[in-house]
Asks: 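Would you mind keeping the following structure in view while I ask a few things?
If you read the sequence from its start, that first residue is 1, and numbering goes on from there. Everything numeric in this text was worked out from a predicted model, so none of it was measured.
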Amino acid sequence: MDANLKGLLDRQIAEIEAQIKRTIISDDEMFQTAEILRSVSATGSVTVAMLIAEMPEPGQITGEQAAALTGLAPIAHDSGALRGKRAIAGGRRSLRHVMFQAALVASHHNPILKTFAQRLQTAGKPHKVIATAVARKLVTIANALCKSRQKWASQQD
C-alpha cells in the first residue's frame, strides 16, 4: 500500500473515531450508557460504540431479546417429533462479529466469563460454542446493567 494512502486512511479513521467519541459525549444518556458498558471488563471503545449504535434498546428489552437482536440466540430446527441442533442466525451481523471479538477477550480477562468459558471447555464443548455462549452472556450482562443503570461489579475483581 502506498504510504500516502495509508497516512490518509489513518487520518480518516482517527477523525471518525474522534467524531464517534464526541457524539457519545454530547448526549448525557448515551454517555452514561457508554460508561456502564465500559465498566464491563472486555468491552473496549469499539464494542461500546457498536452496542450503542447497533442496539439502542439496551435496558428496554429482555436478555433473550438482546441475544436475538445480536443473532446470538439459539434457533431450534425442530419439526414434529424431529429435534434438530440449535444454531445462531439472524440479528445484526456486524454487532455479532464485534461481540465475538469481545467474547474472546472476555474469556481470557474477565474473571466471571473466564470461569464460565473454562466450565464449558471442561464439559467438552467446541470452541465456537464456547465463544457464542460467552458473547451471548456478555450481551445479556450489558443489557441487564443498562436496565439497572449500574456499573459492573465483579465479585472476583
Asks: Would you name the heavy atoms of I20 and A49 that are closest together and state the gap between them?
Replies: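 In this case the closest contact between I20 and A49 is CG2-CB, 3.9 Å.
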Asks: Would you find a donor on one side and an acceptor on the other, under 3.5 Å apart, between the side chain of N110 and the backbone of A42?
Replies: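 Absent.
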Asks: Using a 4.5 Å cut-off on heavy atoms from C-beta on, say whether the side chain of M99 contacts that of L51.
Replies: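 Answer yes - side chains close enough.
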Asks: Are the side chain of T70 and the backbone N or O of A66 linked by a donor-acceptor pair below 3.5 Å?
Replies: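 Yes, because the side chain of T70 sits within donor-acceptor range (under 3.5 Å) of the backbone of A66.
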Asks: Looking at OG of S45 and CZ of R38, how far apart are the two atoms once the value is rounded to the nearest 0.5 Å?
Replies: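 Here the interatomic distance stands at 7.5 Å.
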Asks: Mind checking whether T33 and C146 have side chains closer than 4.5 Å, heavy atoms only?
Replies: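 Yes; the side chains approach each other to less than 4.5 Å.
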Asks: So, the side chain of R136 versus the backbone of A67: is there a donor-acceptor pair under 3.5 Å, distance only?
Replies: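 Looks like no, no N/O pair under 3.5 Å.
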Asks: Below 4.5 Å, heavy atoms only, C-beta onward: do I112 and I141 meet side chain to side chain?
Replies: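 In short, these two side chains do not touch, never coming nearer than 4.5 Å.
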Asks: Can you see which heavy atom on A135 is nearest to which on A103, and at what distance?
Replies: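 In this case the closest contact between A135 and A103 is N-CB, 3.5 Å.
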Asks: Is there a path of hydrophobic side-chain contacts, each under 4.5 Å between heavy atoms of I/L/V/M/F/W/Y residues, joining V134 to V129?
Replies: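 The answer is no; the residues belong to distinct hydrophobic clusters.
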Asks: With hydrophobic residues grouped by side-chain heavy-atom distances under 4.5 Å, do V40 and V105 end up in a single group?
Replies: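 Per the 4.5 Å side-chain linkage, V40 and V105 are not co-clustered.
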Asks: Please answer: with hydrophobic residues joined when any side-chain heavy atoms are less than 4.5 Å apart, are L72 and F116 in the same cluster?
Replies: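 Yes, same cluster.
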Asks: With distance as the sole test, does S39 use its side chain to make a donor-acceptor pair with the main-chain N or O of W152 at under 3.5 Å?
Replies: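 Checked: pair present.
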Asks: How many angstroms lie between atom CD1 of I130 and atom NE2 of H127, to the nearest 0.5 angstrom?
Replies: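 One gets 7.5 Å once the value is rounded to the nearest 0.5 Å.
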Asks: Report the C-alpha distance between L69 and R92 in whole Å, list the side-chain angles of each, state the deciding distance to 0.1 Å, and finish with yes or no for side-chain contact (heavy atoms from CB on, under 4.5 Å).
Replies: CA-CA 6 Å; L69 279 173; R92 297 169 183 164; 3.5 Å; yes
Asks: State the CD-CD1 distance between E15 and I13, to the nearest 0.5 angstrom.
Replies: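 CD1 of I13 is found 12.0 Å from CD of E15.
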Asks: How about K114: does its NZ atom have over 12 heavy atoms from other parts shown lying under 6.0 Å from it?
Replies: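 Not buried by this count: 12 neighbours or fewer within 6.0 Å.
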Asks: Can you check whether E29's main-chain N or O pairs, donor with acceptor, with Q32's side chain at less than 3.5 Å?
Replies: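 Between the backbone of E29 and the side chain of Q32 there is no qualifying donor-acceptor contact (under 3.5 Å).
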Asks: Can any side-chain N or O of N143 pair as donor or acceptor with the backbone N or O of G59 at less than 3.5 Å?
Replies: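 Checking the backbone N and O of G59 against the side chain of N143, a donor-acceptor pair under 3.5 Å is found.
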Asks: Once you round to the nearest 0.5 Å, how far does CD of E35 lie from CZ of R149?
Replies: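 That separation rounds to 11.0 Å.
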Asks: Are there more than 12 heavy atoms of other residues, nucleotides or ligands under 6.0 Å from atom CD of Q12?
Replies: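 Counting neighbours around CD of Q12, more than 12 heavy atoms of other residues, nucleotides or ligands fall under 6.0 Å, so yes.
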Asks: Determine whether L104 and V46 fall in the same hydrophobic cluster, where Ile, Leu, Val, Met, Phe, Trp and Tyr are linked whenever their side-chain heavy atoms lie under 4.5 Å apart.
Replies: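 No.
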Asks: Could you pull out the closest heavy-atom pair between L138 and A102, with the gap in Å?
Replies: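 Closest approach of L138 to A102: CD2-CB, 3.6 Å.
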Asks: Going by heavy atoms in the side chains, are L37 and I52 under 4.5 Å from each other?
Replies: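 Yes, close enough: below the 4.5 Å cut-off.
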Asks: Determine the minimum heavy-atom distance between K151 and I36, stating which atoms define it.
Replies: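 For K151 versus I36, the nearest heavy atoms are CG-CA, 4.2 Å.
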Asks: Is there a chain of hydrophobic side chains (I, L, V, M, F, W, Y, each step under 4.5 Å between heavy atoms) that links I61 to M30?
Replies: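 Yes; tracing contacts between hydrophobic side chains, which count when under 4.5 Å, links both residues.
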Asks: Would you compute the distance between atom CG of D10 and atom NZ of K6 and round it to the nearest 0.5 angstrom?
Replies: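 Going from the CG atom of D10 to the NZ atom of K6 covers 4.0 Å.
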Asks: Look up atom CE in M55 and atom CD in Q65, then write down how far apart they are to the nearest 0.5 Å.
Replies: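 Rounded to the nearest 0.5 Å, the CE-CD separation comes to 10.5 Å.
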Asks: Looking at A117 and S107, what are the two nearest heavy atoms and their distance?
Replies: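 Closest pair (atom of A117, atom of S107, distance): CB-CB, 3.8 Å.
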